[in-house]
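To keep things clear, I will list the structure first and then write my remarks on it.
Letters A, B, ... are given to chains in the order of the sequence lines, protein chains preceding strands, and every chain is numbered from 1.
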2 protein chains.
Amino acid sequence: MMENDKLVSGCVMKRPRERIIEMAQLLFRKHGIRGVGVDTIAEEAGTNKMTLYRHFGSKDELIAECLRDTAGQAEVFWRDLDATYPEDTPEDSLAKLHQWVRAVASYASMEGGGCDLLTAAFELPEPDHPARLVVEAFKREQRGKLVALCRSAGITEAEGLADALGLLLEGARVNRRSVGPNGPSAHFVAIAEAVIASFSAAGERVRERELERG
Amino acid sequence: MMENDKLVSGCVMKRPRERIIEMAQLLFRKHGIRGVGVDTIAEEAGTNKMTLYRHFGSKDELIAECLRDTAGQAEVFWRDLDATYPEDTPEDSLAKLHQWVRAVASYASMEGGGCDLLTAAFELPEPDHPARLVVEAFKREQRGKLVALCRSAGITEAEGLADALGLLLEGARVNRRSVGPNGPSAHFVAIAEAVIASFSAAGERVRERELERG
DNA sequence: CGCCTGTGTTACCGATCTGTAACTTTACGA
DNA sequence: TCGTAAAGTTACAGATCGGTAACACAGGCG
């Protein structure tokens, strides 16, 4: 029983705020953000519209809060990755990079795994929507972490490889959304491995050339 | 003056059907598909709701028609490409592949270039929506053409390269939508070239090995 | 001239949307 | 036991949504 849970008539139940966020995330994934109203969210969460508005103020703020919650799951993701490969040696970091590929692939192949922020970016075109700030900040942060991982793995063009992997991952997500899980996105791991290999080989060639020169 | 234009009080004007489609595409890009109503579309197109419904029957059908129109532009794209590189030799096909990269990059960097179908896939989650059929068919068709191009360019793993390029392109589009045109998507051409090079080199290595063996 | 097709106009339907007001009930802690 | 804060209830406002009915009007063509 967690900190913010409550006992209602003998039944353990999370508090309304959490129930609303979880149900909103679920319904947003199922029907789209604009495809579900606050009334439905509140009812399905086992509460009512007034409580929802007392907690979040507006639907837009609820959306932003849902995205912040989703983005927070990425921290667990990186913590797990750091726990598996705690060393900072180039060899361990390269293994960690390969593990990153497998992990994001398995996460992205889950039901709506990691698509929430992309969906928001597409469904809410208004440039000053509170949700867009969350999306932008998250994307930049993830790119930074991936660049750092590539760099400590000894990749010379760390930013190039990180961007390549980032685009491939987002492409895999969106492609899965378009043509289903059996399309090109199914080969994400193989493609990503090939790209990593080519960037590693490029670094090797540079190093060999430097050795030749003296 | 085109076939379907009309002279109204001395002014050349396209017919309502075309005006509605063009204005709908524009407004869908600006406010999202669910973010704009049929009333607004009709008014902004200089006509009225009844005419819209007489032509398209429903908003969903209008959406599908808009996507079919957008998808049709890809045919012009490939025709231009074929016109520039009419030969089928591996050398010309490889040059054509590089030209494909540059062309889709410049197309994707245009205002909402090629994002309409992705937006629809994200905004319309219902699996039997008429728009989803258009999206799926289009994606498969484009992949087929790209695979064929890679193959005639002498790439051994034609499908692998085609999928890699496809995912990169879709990733670039969606990334641009998330963090703007100055993010990782700005390096799409460089990344795509690197990937092509690595797939070409892989083929070279295979061929060298076969030569060594006999 | 009369016909016909395409288009414009107005009014309307029922449903749903975000958001608010006022009030009642519940739970928990001092 | 009483006070307080969170949560539930009901009703409603104002707007917008997709979609339809009925009718007026226009131009082209025989």
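Using cut-offs of 30° and 60° on the angle between ring planes, the pair A:Phe122 and B:Phe122 is parallel.
Applying the 4.0 Å criterion to OP1 and OP2 of D:dA7, one finds that A:Arg17 has every side-chain N and O outside that range. Between C:dT7 and B:His55, a contact under 4.0 Å exists linking OP1 or OP2 to a side-chain N or O. A close approach under 4.0 Å does not occur between any side-chain nitrogen or oxygen of B:Arg54 and OP1 or OP2 of C:dG8.
If you measure from atom CE of A:Met50 to atom C1' of C:dA21, you get 8 Å, rounded to the nearest angstrom. For the pair A:Tyr53 OH and C:dG19 P, the computed distance is 4 Å after rounding to whole Å. The interatomic distance linking B:Leu52 (CG) with D:dG19 (C1') rounds to 11 Å, in whole Å. Between the C1' atom of D:dA7 and the NZ atom of A:Lys14 lies a distance of 19 Å, rounded to the nearest Å. Rounded to an integer number of Å, the gap from B:Glu18 CD to C:dG6 P is 15 Å. Whole-Å rounding puts the B:Ile63 CD1 to D:dG19 C1' distance at 14 Å.
Between B:Glu136 and B:Arg140 there is a salt bridge, since a side-chain N of the basic residue sits under 4.0 Å from a carboxylate O of the acidic one. The pair A:Glu65-A:Arg17 counts as a salt bridge, with a side-chain nitrogen and a carboxylate oxygen less than 4.0 angstrom apart. Contact check on A:Lys14 versus A:Glu22 returns a salt bridge, with a Lys/Arg side-chain nitrogen under 4.0 Å from an Asp/Glu carboxylate oxygen. Checked for salt-bridge contact, B:Lys139 and B:Glu170 meet the test: a charged N lies under 4.0 Å from a carboxylate O.
Side-chain atoms of B:Pro16 lie closest to C:dG8 of the nucleotides D:dG8, D:dG18, C:dG8. Comparing atom distances between the A:Thr51 side chain and each of D:dG19, C:dG19, D:dA7 picks out D:dA7 as nearest. Here D:dG19 is the nucleotide among D:dG19, C:dT18, C:dG8 with the atom lying nearest to any side-chain atom of B:Lys59.
Listed here is the closest heavy atom pair of B:Pro125 and A:Gly32: CG-N, 3.7 Å.
Within a heavy-atom distance below 4.0 Å of DNA chain C, the residues of residues 31-49 of chain B found are B:Gly46, B:Thr47, B:Asn48.
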